[in-house]
Amino acid sequence: MVFGDKSLDLSLPRVMGILNVTPDSFSDGGKHNNFDDAMRQVERMIEDGADFIDVGGESTRPGAAIVGEQEELDRVLPVVEAIKQRFDTIVSVDTSTPSVITGSANLGAGLINDVRALERDGALVATAATGLPVCLMHMRGTPQNMQDSPSYEDLVEDVEQYLLARIEACVAAGIKKDNIILDPGIGFGKTLVHNTTLLKHTERLLNLGHEVLIGVSRKTMIGDILGVPVSERLYGTMGANASTYLKGARIFRVHDVKPHVDMLKVMHQIEESRHA
Ligand code: 7PM
């Protein structure tokens, strides 16, 4: 798949490193988000083997405040620009906002990653105009209400049907079918059993004919199973990602790049073994 100025073979597992540029993602909880710290984080993730850097300026945490358009532009665009100037990597932009989509693409971003699957007004048209690949994620509800007792008639079928409808909307808007990646949206309007069931049935999304991206890193799902805080969720995260790699997922959106790069290299080499 071609991500702007870089082409990636997705028969190999790929790691997407998460870079949050929301003020609440910085440890000082401070107002001014620290640009130099963000660049150091990016450098480290690339050294560790990340293929994508996912830049997000909107906190989609359950109950999070809504971020204004100008604020999101001010957070995201300078970071996209600086990464593309300094590093040879694919910048993925975690956004639902048309102006952020267009602006990021003009600065060299290679992937539009939208937790709202391009449902926001103008997002389909803006993305089609960039010619870039897009990751369509399933969410039930909005970040503000999605965890208020979510329920499904037929979970896997619902997610599949939703993503199929979004694929059709994308294709109708002029986005190439080959440029669409799918994501079950772990933690976005889902209970623990919803999350584990979707991961178990990763092949149902793959059967739609698209690559699958999984974002489970440090999420509540891992905390629910292990009873550990965010700082202790790496091993559990790796278990979830290893499991879905074996089911065919190929892009892993994670905070901890190096452990995943090593794990996936070993897993890939085992799966590709050819000796009789
Ligand atoms: C605060 C709470 C900040 C939660 C960020 C989050 C996904 C994503 C996110 C995902 C794709 C997080 C989430 N999650 N994009 N963006 N898939 N494609 O835990 O699962 O990282 S934001």
Side-chain angles (χ1 to χ4, degrees), residues 3 10 14-27 29 33 38 41 45 50-67 72 75-76 90-97 100-101 104 109-120 123 127 132-147 159 162-163 166 180-190 194-196 198-199 202 205 210-224 229-231 233-234 236-237 240-241 244 249-257 260:
F3 298 94
L10 290 180
R14 300 293 182 178
V15 172
M16 172 182 281
I18 301 170
L19 181 73
N20 274 313
V21 293
T22 52
D24 66 13
S25 69
F26 288 90
S27 49
N33 62 37
Q41 250 181 275
M45 291 195 284
D51 297 293
F52 302 85
I53 301 296
D54 190 47
V55 179
E58 180 210 10
S59 177
T60 42
R61 174 174 303 147
I66 293 166
V67 175
E72 192 190 348
R75 285 180 191 175
V76 172
I90 301 167
V91 174
S92 157
V93 190
D94 195 341
T95 189
S96 305
T97 310
V100 177
I101 292 168
S104 299
L111 172 67
I112 308 305
N113 173 29
D114 186 6
V115 300
R116 296 179 184 79
L118 305 182
E119 283 201 71
R120 197 172 269 177
T127 301
L132 294 176
V134 60
C135 178
L136 302 176
M137 198 196 78
H138 174 272
M139 170 162 45
R140 165 66 64 87
T142 68
Q144 286 69 42
N145 68 18
M146 65 188 178
Q147 290 310 103
V159 170
Y162 171 81
L163 290 174
R166 296 312 299 156
I180 298 173
I181 296 165
L182 302 180
D183 182 338
I186 298 305
F188 287 85
K190 283 131 193 148
H194 294 148
N195 289 320
T196 54
L198 283 167
L199 292 177
T202 296
L205 292 192
H210 299 266
E211 297 296 346
V212 167
L213 182 153
I214 299 292
V216 70
S217 189
R218 301 181 186 174
K219 281 185 178 173
T220 300
M221 181 195 122
I222 307 299
D224 285 343
V230 172
S231 60
R233 293 179 187 168
L234 172 59
T237 296
N241 282 325
T244 62
R250 283 295 173 269
I251 305 176
F252 303 90
R253 181 182 176 277
V254 300
H255 300 87
D256 305 285
V257 170
H260 283 91

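Quick caveat: nothing in here was measured; it's all calculated off a predicted structure. Ligands are counted one by one from 1 in listed order, and the atoms in each one are counted from 1 as well.
A salt bridge between D94 and R253 is present, with a side-chain N of the basic residue lying under 4.0 Å from a carboxylate O of the acidic one. In summary, E58 and R116 engage in a salt bridge, as defined by a charged side-chain N under 4.0 Å from a carboxylate O.
At a 3.5 angstrom cut-off on N or O pairs, R253 counts as close to ligand 1. Between V115 and ligand 1, no pair of N/O atoms sits closer than 3.5 Å.
Compare M16, H255, K219 by their heavy atoms: the one nearest to atom 14 (N) of ligand 1 is in K219. Taking each of N20, D114, D54, N113 in turn, the one with a heavy atom nearest to atom 18 (N) of ligand 1 proves to be N113.
Expressed to the nearest 0.5 Å, how far OG1 of T127 lies from CD1 of I180 amounts to 10.5 Å. With rounding to the nearest 0.5 Å, the separation of CD1 in I181 from CZ in R14 is 11.5 Å.
Counting heavy atoms closer than 4.0 Å to ligand 1, residue D94 contributes side-chain atoms (C-beta onward) but none from N, CA, C or O.
Residues L163 and M137 share a closest heavy-atom pair of CD2-C, 4.1 Å.
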Chi angles and distances behind the side chain to side chain donor-acceptor pair (under 3.5 Å) call for E72, T95:
CA-CA 9 Å; E72 192 190 348; T95 189; 2.5 Å; yes
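Annotation for ligand 1: atoms under 4.0 Å from non-hydrogen atoms of L213 are 18 (N). Those atoms of ligand 1 with a heavy atom of F188 less than 4.0 angstrom away are 7 (C), 9 (C), 14 (N), 20 (O).
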